[in-house]
Amino acid sequence: MERCPEIADKLMPLDEAVRRFIFNGCQLAIGGFTVNRNPMAAAYEIIRQGIEDIHLVCHSNGQALDILIGAGCVKRLEIAYSGNGRFAPTCVRFKKAIEEGELEFEDYSNYQMALRFLAGALGIPFIPTKSGLGSDLIKYGGFSPEIREDEKVANLKYAVVGNPFSSEKDEILLLPALTPDVTILHAQYVGEDGTVQINGLTFADLEQAKAADTVIITCEEIVPRSFIRLDPDKNSLPSFFTDAIVKVPYGAHPTACFKFYDYDPAYLKLYRKMAEDDNLFKEYLDEWVYGMSSHEAYLSKVGTEMLLKIKANPALGYAQGLERK
Amino acid sequence: MERCPEIADKLMPLDEAVRRFIFNGCQLAIGGFTVNRNPMAAAYEIIRQGIEDIHLVCHSNGQALDILIGAGCVKRLEIAYSGNGRFAPTCVRFKKAIEEGELEFEDYSNYQMALRFLAGALGIPFIPTKSGLGSDLIKYGGFSPEIREDEKVANLKYAVVGNPFSSEKDEILLLPALTPDVTILHAQYVGEDGTVQINGLTFADLEQAKAADTVIITCEEIVPRSFIRLDPDKNSLPSFFTDAIVKVPYGAHPTACFKFYDYDPAYLKLYRKMAEDDNLFKEYLDEWVYGMSSHEAYLSKVGTEMLLKIKANPALGYAQGLERK
Amino acid sequence: MISYSDNEMMAIAAGRLINDGDVVFAGTGVAMLAATAAKRIYAPRAVVFFETGGIDPSLDEIPMAVGDSRVMSGTSLNSGLIEAFSTVGHRKLHTIAFLGAAQVDRYGNLNTTSIGNYYKPGKRFSGSGGACDASALASGIIIFMQHEKRRFVEKLDYLTSVGWYKGGNSRQELGLKRGGAIAVVTNLGVLRFHKETKEMYLREFFPRASVDMVVENTGFPIDVSGAKKTLPPLPEELKVLREEVDPQRLICQSDMNAPPG
Amino acid sequence: MISYSDNEMMAIAAGRLINDGDVVFAGTGVAMLAATAAKRIYAPRAVVFFETGGIDPSLDEIPMAVGDSRVMSGTSLNSGLIEAFSTVGHRKLHTIAFLGAAQVDRYGNLNTTSIGNYYKPGKRFSGSGGACDASALASGIIIFMQHEKRRFVEKLDYLTSVGWYKGGNSRQELGLKRGGAIAVVTNLGVLRFHKETKEMYLREFFPRASVDMVVENTGFPIDVSGAKKTLPPLPEELKVLREEVDPQRLICQSDMNAPPG
């Protein structure tokens with residue numbers, strides 16, 4: 001780490017980043033989407049450190065969302081979608097937690113959540129949209145009036161207002177901005193100058209990062225300044241938005257990281273099976289999360305054979321011909 | 001052009017693109033910023049075709065803005081900034097037109113205009129900001145009530161409203177969206193599949209394009225599908241937003257086109273000098289615009305020597321050591 | 001006679017509804033088969049894109065989720081959610097969204113949220129995701145369903161996504177200026193909506209199904225008076241589906257996979 | 001004694017106001033000299049960026065406009081206006097904007113729009129550009145001016161950009177929760193603002209200027225009671241300015257260039 005004087009105070013091990021920046025009751029946003037680029041290593045570390053009462057604000061964060069809920073770290077949830085594609089049409093621990101009344105939750109849509117992060121990133125208090133008019137997303141607020149007094153919860157789920165720029169009747173929804181305490185993203189590259197580069201789709205990662213007070217980036221590689229500055233049109237975030245940079249190869253496993261590795265279908269199936277049963281899920285957590293001293297130990301347990309199977313063809317970005325049934 | 005079946009109906013010569021899509025009285029947005037990537041060849045063609053009564057919506061479009069105003073094509077203007085850096089702290093023909101009362105105009109700021117294009121791109125009727133509170137940008141509307149009845153002009157310049165998500169007094173400006181009839185951008189590359197790639201800063205080009213009914217792209221090169229799809233993270237616009245694609249090398253001259261050529265300081269100085277005097281400006285237009293049958297003829301007149309001087313070093317993106325005093 | 005799966009019939013029937021030049025917003029599973037098949041067979045100038053931001057990927061392998069890296073590969077452009085949803089709603093594009101649901105009502109409104117009391121539901125699903133947005137903003141939606149009485153209901157337990165709302169002009173009166181439900185494609189047939197009332201009716205039943213099966217499996221009275229039998233999958237349609245769209249047979253060979261619930 | 005130009009003195013005086021870690025929003029001309037000099041001399045961890053979207057360019061040659069290709073070269077990131085202005089206003093960053101103006105009043109409010117009647121002005125300038133935005137959203141602004149009576153006025157002809165508005169808490173009461181004018185740097189000295197009243201006062205006069213020159217050239221009464229003479233440019237400051245920041249001497253060698261008006 002001494003090679004990077006520009007980011008010396010931001011480079012740190014994962015356990016330190018979680019210890020310094022994630023706190024009980026924090027409002028947390030995580031990057032990625034369903035089976036892609038979830039900051040899984042960070043999620044595992046949050047569970048290991050026993051962080052509680054998290055207020056999670058999500059669009060479609062599949063795997064990380066589900067395991068954080070399953071491990072009991074989450075108290076409150078604003079969510080658009082909890083599914084993992086074919087591996088779990090509805091995330092299993094999420095589903096159980098809702099059905100058993102264990103979560104404070106409120107439903108939005110993906111665009112609504114993305115727009116709320118955008119509003120936070122732009123520093124504006126709300127943003128309008130037509131999406132949601134007539135739906136039960138508006139009709140049913142999930143949070144109680146007491147919860148709405150929390151400073152990180154908007155006092156209204158939505159406001160419906162007339163468009164002052166229209167001479168005809170034109171109603172529109174206003175969505176309150178989101179400004180998470182912390183956002184965690186998993187990126188492919190961080191430069192020695194602190195520049196973050198995400199390859200492939202960015203989902204709502206950049207809006208989530210810019211909306212947050214604190215940003216933790218886990219990444220596959222720390223790369224030289226000369227590499228990250230070769231084509232700045234491809235870069236995603238300048239250094240001044242990030243507070244912690246952590247090198248964690250395979251840090252998104254079992255979700256995919258475009259150009260580096262694919263999702264791990266066997267692991268996701270195992271997870272789903274164990275998540276279906278409370279006792280099995282405890283075993284799963286003991287075996288795969290609490291029992292692991294580090295992400296390196298976890299990867300050893302995943303095993304070289306699987307890591308090679310899911311290794312992405314860099315020209316395609318995924319593992320061609322991977323057994324996915 | 002037969003090599004590009006995917007975009008066969010969009011590829012056309014510049015005069016045809018202007019004839020088909022630019023009309024008297026249209027609301028027009030142009031890409032670029034002050035001395036960079038202004039769609040100058042398109043502006044010259046608009047002047048040659050004698051298009052009138054344009055309603056120009058601009059953030060900081062220096063050179064194209066000034067020549068369109070100078071040639072009498074513009075009737076109405078929404079503007080944040082009219083300057084050309086060191087070459088014209090205030091654009092000369094713009095300045096004269098305002099001082100002589102020849103334009104209907106209204107002032108905004110750069111962020112406000114960019115946000116208005118963003119709102120148009122998002123398909124929302126307005127967007128909030130704090131920028132402008134207390135300023136005369138709010139106090140003085142430029143347009144008369146009659147002009148405000150035009151369907152392309154918002155009925156209000158701004159609305160100041162209370163933030164419904166705040167329990168304290170919190171006033172905020174709402175800015176009306178812009179949805180131009182036509183946006184013209186000059187890009188470095190268009191792929192044979194219609195994908196547009198802009199290199200370097202994108203200013204508000206992408207928001208301007210997505211906000212518009214019709215989009216004309218002039219570009220330096222039409223490139224093979226294999227080239228434009230090599231790294232889709234760098235691309236700027238998919239094909240379905242564009243209506244006309246025109247190959248015009250040096251189509252931004254005398255403004256710069258990152259990685260291709262720099263601005264032309266001699267030309268900009270000549271322009272400024274001639275623009276200062278009404279008669280000289282007429283001569284300028286006759287010589288450099290009306291007198292040119294095409295952009296190729298114009299470039300011949302600029303001359304090989306200057307085109308070589310301003311040729312960008314591709315590693316830097318500009319012409320190193322260019323005489324700019 | 002060629003054998004084919006329900007998913008294949010559904011993908012083909014839905015694909016036939018796509019017109020050249022449409023911009024198609026695809027989900028996963030059968031929706032993705034249908035979108036891709038449509039482009040390769042019926043509408044070569046259609047563009048397929050995903051809510052995650054991937055536009056026109058090469059789709060050499062079929063993605064298992066809209067967040068799959070396969071939707072980022074060989075694209076025209078990789079962007080994000082904001083760009084994707086503003087594209088769905090873009091006034092100059094004719095955008096068609098393929099969606100699945102746990103429940104649909106006679107006006108094509110959808111539930112992908114929960115069954116029972118919203119606050120403590122008997123069954124919880126994944127939630128809106130992009131469904132509410134696509135339903136509100138696209139030029140039209142095409143819905144994939146398992147044809148079962150508990151899914152075709154008089155009243156949704158939760159209205160996640162607005163189709164024709166309460167019928168007639170009620171969708172427009174909400175402020176949704178375009179869009180609405182074009183069709184529901186099920187394992188039994190294709191249902192459309194009456195022009196004026198916006199009520200669902202049976203337009204086609206699949207060769208292996210019948211009008212009676214549709215009536216029995218629909219939880220509200222349904223007009224079947226004009227229903228016709230669907231043309232079975234053609235050999236060339238199946239060939240494209242199996243050899244180009246889903247060569248690994250991940251979706252083709254099974255029945256409809258992964259409907260919420 | 002080393003000779004130096006007004007622009008050099010101004011750039012150095014302004015650069016000395018930048019703290020390490022500041023995120024500096026630079027304009028053109030002297031503002032760009034000051035921002036770049038600050039980073040190379042006083043605040044190596046400061047980041048210079050431009051309203052056009054270029055962040056931390058290498059600036060091997062000095063840009064002539066914020067739209068110059070030189071602000072896109074060797075950057076950390078090339079983005080656009082939306083990203084740049086949302087960065088200016090970002091609550092977690094300490095952002096300082098360098099701005100020029102045609103007129104300033106005692107509260108650091110700026111006019112870059114016009115002189116005379118707004119609708120048919122005696123003199124029209126370029127307009128706000130990003131000045132209104134940076135003044136509203138940044139943690140603070142530093143203003144460059146030619147020190148002339150017609151520019152330091154009792155009342156602006158047009159208030160383009162809000163500094164301390166009407167003084168006291170009036171800026172906060174507008175809803176602008178941070179920011180305000182930090183200093184005005186002129187060819188005569190450095191002016192700051194009183195903590196409570198937010199009225200302008202003379203803090204430093206340059207070695208070639210005097211308190212009297214400031215009073216004579218200011219169009220409103222100004223407190224000069226605590227003014228001290230500025231430390232002249234140090235050899236190492238001039239060396240960096242001339243050899244690293246502006247090796248072509250495009251701005252260093254002249255007096256202040258391109259003030260609006």
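Per chain, numbering begins at 1; letters A, B, ... match sequence-line order. Bear in mind that the values here come from a model prediction, so they are computed numbers and not experimental data.
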Could you go through the side chain to side chain contact (heavy atoms under 4.5 Å, CB included) check for D/Leu137 and B/Tyr111 one step at a time? CA-CA 11 Å; D/Leu137 304 172; B/Tyr111 194 28; 3.7 Å; yes

Say you draw a straight line from [atom1] of [X] to [atom2] of [Y]; how long is it, rounded to the nearest 0.5 Å?
X	Y	atom1	atom2	result
B/Ile98	D/Ser114	CD1	OG	8.5 Å
B/Asp205	D/Leu81	CG	CG	9.5 Å
B/Tyr140	D/Asn117	OH	CG	8.0 Å
D/Asp68	B/Phe258	CG	CZ	10.5 Å
D/Ile82	B/Phe203	CD1	CZ	14.0 Å
D/Met72	B/Thr202	CE	OG1	9.0 Å

So D/Lys123 and B/Lys95, side chain to side chain contact (heavy atoms under 4.5 Å, CB included) or not? Walk me through it. CA-CA 8 Å; D/Lys123 200 156 192 181; B/Lys95 181 181 168 72; 3.5 Å; yes

Does any heavy atom of chain B fall under 4.5 Å from the side chain of [X], the backbone, both, or neither of them?
X	answer
D/Tyr119	both
D/Pro63	backbone
D/Ile55	neither
D/Thr52	both
D/Lys166	neither

Is chain D contacted by the side chain of [X], its backbone, both, or neither, given a heavy-atom distance below 4.5 Å?
X	result
B/Leu115	both
B/Glu106	backbone
B/Phe94	side chain
B/Glu207	side chain
B/Leu322	both
B/Thr34	side chain

Heavy atoms only, distances under 4.5 angstrom: which of [options] has the most pairs with chain D? Name it, please.
options	answer
B/Gly83, B/Gly200, B/Gly317	B/Gly200
B/Ser60, B/Gly141, B/Cys257	B/Gly141
B/Gly32, B/Ala114, B/Ala88	B/Ala114

I'd like to know which of D/Ser170, D/Ala136, D/Ala65, D/Gly67 tops the heavy-atom pair count under 4.5 Å against chain B.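 Among D/Ser170, D/Ala136, D/Ala65, D/Gly67, the one with the most close pairs to chain B is D/Gly67.
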
Among D/Ser86, D/Gly89, D/Ser135, residue most engaged with chain B (heavy-atom pairs, under 4.5 Å):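 Option with the top pair count is D/Ser86.
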
More than 12 heavy atoms of other residues, nucleotides or ligands under 6.0 Å from NZ of B/Lys139: yes or no?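 Result for NZ/B/Lys139: open.
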
Does D/Glu196 CD have over 12 foreign heavy atoms under 6.0 Å away? no

For B/Thr90 and D/Ser126, indicate whether the former's side chain and the latter's backbone hold a donor-acceptor pair under 3.5 Å.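 Between the backbone of D/Ser126 and the side chain of B/Thr90 there is a qualifying donor-acceptor contact (under 3.5 Å).
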
Would a distance-only check, ignoring hydrogens and angles, find a side-chain to backbone donor-acceptor pair under 3.5 Å from B/Glu99 to D/Arg124? yes

Among B/Thr255, B/Asn36, B/Asp262, find the residue that satisfies the side chain to side chain donor-acceptor pair (under 3.5 Å) test when tested with D/Ser69. B/Asn36

Dump the intermediate steps for side chain to side chain contact (heavy atoms under 4.5 Å, CB included) on D/Val71 and B/Leu201, then the final yes or no. CA-CA 9 Å; D/Val71 310; B/Leu201 299 177; 3.6 Å; yes

Closest approach of [X] to [Y] (non-hydrogen atoms, all atoms of both residues):
X	Y	result
D/Val162	B/Leu133	CG2-O, 3.5 Å
B/Ser135	D/Cys132	OG-SG, 4.4 Å
D/Ser128	B/Leu137	CB-CD1, 4.4 Å

Heavy-atom side-chain proximity of B/Arg324 to D/Arg70 below 4.5 angstrom: yes

Taking the side chain as every heavy atom from C-beta outward, state whether B/Val35 and D/Met64 have any pair of such atoms under 4.5 Å apart.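 Side-chain contact under 4.5 Å: no.
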
Do B/Tyr81 and D/Glu51 pass the side chain to side chain contact (heavy atoms under 4.5 Å, CB included) test, and can you show the C-alpha distance, the side-chain angles, and the key distance before you say yes or no? CA-CA 12 Å; B/Tyr81 186 82; D/Glu51 66 182 273; over 6 Å; no

Going by distance alone, is a donor N or O of one side chain under 3.5 Å from an acceptor N or O of the other, for B/Asp107 and D/Tyr118?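 A donor-acceptor contact under 3.5 Å links the two side chains.
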
